[in-house]
Amino acid sequence: MKLNRLCIVILVCIAASRVYPADIYSLSPAASEGISMDVINKEIIILARPAGHIGGASVFKLSTGFSPEHIFTWEYGQRDAGAVSDSDSPVKIISTADRGYALLVELKAYTAPRAGIKREAGICLIKLSSAGKQEWTQVYSDNSMGFKPFDVIQTDDKGYMVTGSTMQGNVWKSLLIRADANGAMIWKKSIPSASYASFDKAVQVPNGGFFLYGYDDVQNRANYWLAGTNAKGEKLWQKTWPGMGDRLRTPIAWGPDGSFSGLIKSENSIPKILTFTEAGNLALDNPIAGMKQSDMLHDYVSLADGSLIFCGWTQNSTSDILIHKTGPGNKLLWRKTIHVEGDDMGLQLVKTEDPGYLLIATTGYSYDYSTTAYTYSNMIIKIDENGNKLWSEPFSIGKNDSVTDAVVTADNRCAILITTIRKGRQEALLLVTEPGGRIGLPKER
């Protein structure tokens with residue numbers, strides 16, 4: 001199970017004229033794996049990977065109800081018949097200035113391996129209209145071992161910046177691709193690093209340049225890596241901050257002065273909030289008040305008063321779910337733990353329309369080395385505004401249910417994106433709770 005990123009969950013407004021118990025909507029066969037669920041243009045947009053060896057991308061929309069509307073499926077049509085590789089996989093979907101979408105896809109291998117020719121991997125950028133109609137497609141690659149995408153943003157001139165990695169000399173190096181409004185490449189850059197490296201995220205700054213952050217991995221020691229470029233992608237500065245097992249992925253906040261605050265967790269250290277200036281200098285290095293060395297964080301909710309509520313887990317004799325609130329000025333407001341069974345981990349936290357929060361967790365988490373299989377259960381937990389547990393409900397749809405994302409709707413339901421195995425096949429599905437978050441006995445739709 002990959003626990004590699006913090007998720008910002010947004011309250012969204014969805015018109016709903018009916019009141020039903022919890023519902024299950026299968027996204028199969030158009031989708032076998034849920035990737036993300038984001039609020040784009042005031043609608044919930046689901047990004048998923050289709051079934052089959054080739055893979056690709058599928059997009060669904062939830063607008064006036066909860067039944068997912070399948071609006072787009074794509075697969076790479078120029079793959080040689082002899083190509084053997086992992087399935088192509090969608091990475092991210094974003095809103096564009098014309099209220100359409102830009103879809104980023106990783107092409108695992110789009111040409112067949114031949115004698116003396118390396119198998120190529122590439123990046124595909126697809127522009128969709130607001131209705132999900134494909135407007136153009138661009139593929140970026142070269143004669144190296146290929147490109148791997150991590151992020152895409154639309155720039156001020158309605159072009160695009162793609163960040164990722166490229167294989168050079170059997171080492172992954174950072175990759176920046178700047179494209180125009182039609183996706184045509186303007187320039188490609190690779191900023192040197194010590195070893196395996198990538199920029200996971202990019203933000204355009206007022207001068208037209210870019211603030212980049214990611215990691216630089218040297219002998220399994222992953223360092224925080226920050227860099228600034230001008231509008232041409234030429235490096236202005238770069239900084240690395242040593243760590244152990246660290247990956248800087250999602251910002252907590254951007255300041256009006258261009259500063260950046262991020263959450264980090266290093267091995268054998270207390271989780272911290274670091275603040276960097278626009279020039280990449282460390283301005284603030286604060287352990288989170290009340291946190292312990294054994295704490296691991298996975299999600300958070302940012303409140304209007306500047307408070308942050310984190311969820312994750314803390315190591316005791318087993319792992320217990322951790323709920324932790326800090327106020328402005330890094331002040332500890334409260335800290336709560338929840339024990340269910342065995343190793344318990346809090347994964348998703350969403351603010352509900354009524355006072356309190358819904359927490360999605362895995363419980364009884366374990367790994368069997370003889371079978372190389374994970375065992376765990378999923379649970380939804382309601383907590384009040386002070387982190388006290390009000391109720392909990394386990395839920396199981398199929399085998400190895402994996403929760404990808406969750407949002408809360410205006411009528412106080414929780415929509416949960418799940419990848420599972422049912423009837424011998426993997427599928428993506430959407431579980432929509434009753435108002436208030438309870439699941440009970442969901443009905444297949």
Side-chain angles (χ1 to χ4, degrees), residues 4-5 55 57 76 78-80 83-92 94 102-114 116-126 137-153 155 159-180 183-204 209-240 247-249:
N4 60 4
R5 69 182 181 88
Y76 190 68
Q78 300 179 46
R79 184 191 301 274
D80 291 353
V84 178
S85 68
D86 295 332
S87 300
D88 299 335
S89 183
V91 175
K92 188 174 183 179
I94 63 170
L103 175 59
L104 185 66
V105 180
E106 179 180 1
L107 300 177
K108 296 297 179 68
Y110 68 93
T111 58
R114 302 181 180 92
I117 299 178
K118 296 179 179 179
R119 189 177 72 181
E120 295 180 3
I123 295 172
C124 185
L125 185 63
I126 306 166
T137 300
Q138 295 283 357
V139 173
Y140 313 114
S141 189
D142 61 13
N143 293 324
S144 70
M145 286 292 287
F147 295 164
K148 183 178 181 66
F150 284 101
D151 191 29
V152 60
I153 61 171
T155 52
Y160 300 90
M161 166 69 91
V162 176
T163 65
S165 291
T166 179
M167 181 69 82
Q168 296 178 353
N170 294 324
V171 175
W172 285 101
K173 297 291 187 181
S174 70
L175 175 68
L176 306 176
I177 295 175
R178 182 74 162 89
D180 65 17
M185 185 186 297
I186 300 173
W187 48 255
K188 178 185 69 174
K189 303 285 185 180
S190 181
I191 296 179
S193 62
S195 186
Y196 300 91
S198 75
F199 287 118
D200 297 335
K201 300 289 181 181
V203 176
Q204 190 169 26
F210 298 92
F211 183 92
L212 308 162
Y213 54 104
Y215 79 107
D216 181 2
D217 194 342
V218 182
Q219 295 179 344
N220 295 322
R221 185 182 181 91
N223 300 313
Y224 298 101
W225 192 23
L226 310 178
T229 74
N230 60 20
K232 297 180 180 180
E234 297 166 337
K235 184 182 69 176
L236 302 177
W237 56 266
Q238 71 175 24
K239 304 281 184 178
T240 57
R247 297 230 16 196
L248 182 61
R249 283 191 174 272

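Throughout, numbering of the chain's residues begins at 1 and tracks the sequence.
Under the rule for a ring pair (Phe, Tyr, Trp, His ring centres under 6.0 Å), the partners of W237 that lie at least two apart in sequence or sit in another chain are F211. With sequence neighbours excluded, no residue satisfies ring pair (Phe, Tyr, Trp, His ring centres under 6.0 Å) with F210. Applying the side chain to side chain contact (heavy atoms under 4.5 Å, CB included) rule to K188 yields the partners D142, F147, L175, I177, M185; only residues at least two apart in sequence or on another chain are considered. In this view, Q138 and W136, Y140, A184 satisfy the side chain to side chain contact (heavy atoms under 4.5 Å, CB included) rule, not counting sequence neighbours. Annotation: salt bridge (Lys or Arg N to Asp or Glu O under 4.0 Å) contacts of K239 (sequence neighbours excluded): none. Contacts of I186 classified as side chain to side chain contact (heavy atoms under 4.5 Å, CB included), with partners at least two apart in sequence or in another chain: R178, D180.
Across all their heavy atoms, K92 and V152 have their closest contact at NZ-O, 4.0 Å. For K173 against S190, the heavy-atom pair with the smallest separation is CB-OG, 3.6 Å. Annotation for T137 and C124: closest pair CG2-SG, 3.4 Å, computed over non-hydrogen atoms. The shortest non-hydrogen separation linking A202 to D151 is N-OD2, 3.4 Å.
Between V139 and the choices V105, L107, I126, the side chain to side chain contact (heavy atoms under 4.5 Å, CB included) rule is met once, by L107.
Atom-to-atom distance recorded for L125:CG and L103:CG is 8.0 Å, nearest 0.5 angstrom. Atom OG of S87 and atom CD of E106 lie 11.0 Å apart (nearest 0.5 Å). Atoms OH and OG1, from Y160 and T155 in turn, are 8.5 Å apart once rounded to the nearest 0.5 Å.
Taking a 6.0 Å sphere around NZ of K189, one finds it holds more than 12 heavy atoms contributed by other residues, nucleotides or ligands.
L176 places a side-chain heavy atom less than 4.5 Å from the side chain of T163. Side-chain contact between L104 and I123 is present, with at least one heavy-atom pair separated by less than 4.5 Å. Looking at W225 and F199, their side chains come closer than 4.5 Å, going by heavy atoms from C-beta outward.
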Given the rule in the side chain to side chain contact (heavy atoms under 4.5 Å, CB included) test, do N230 and L236 qualify, once you have shown the distances and angles that lead to the verdict? CA-CA 7 Å; N230 60 20; L236 302 177; 4.3 Å; yes
Report the C-alpha distance between D88 and K108 in whole Å, list the side-chain angles of each, state the deciding distance to 0.1 Å, and finish with yes or no for side chain to side chain contact (heavy atoms under 4.5 Å, CB included). CA-CA 5 Å; D88 299 335; K108 296 297 179 68; 4.0 Å; yes
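Looking at S198, its side chain never comes within 3.5 Å of a backbone N or O of S165 through a donor-acceptor pair.
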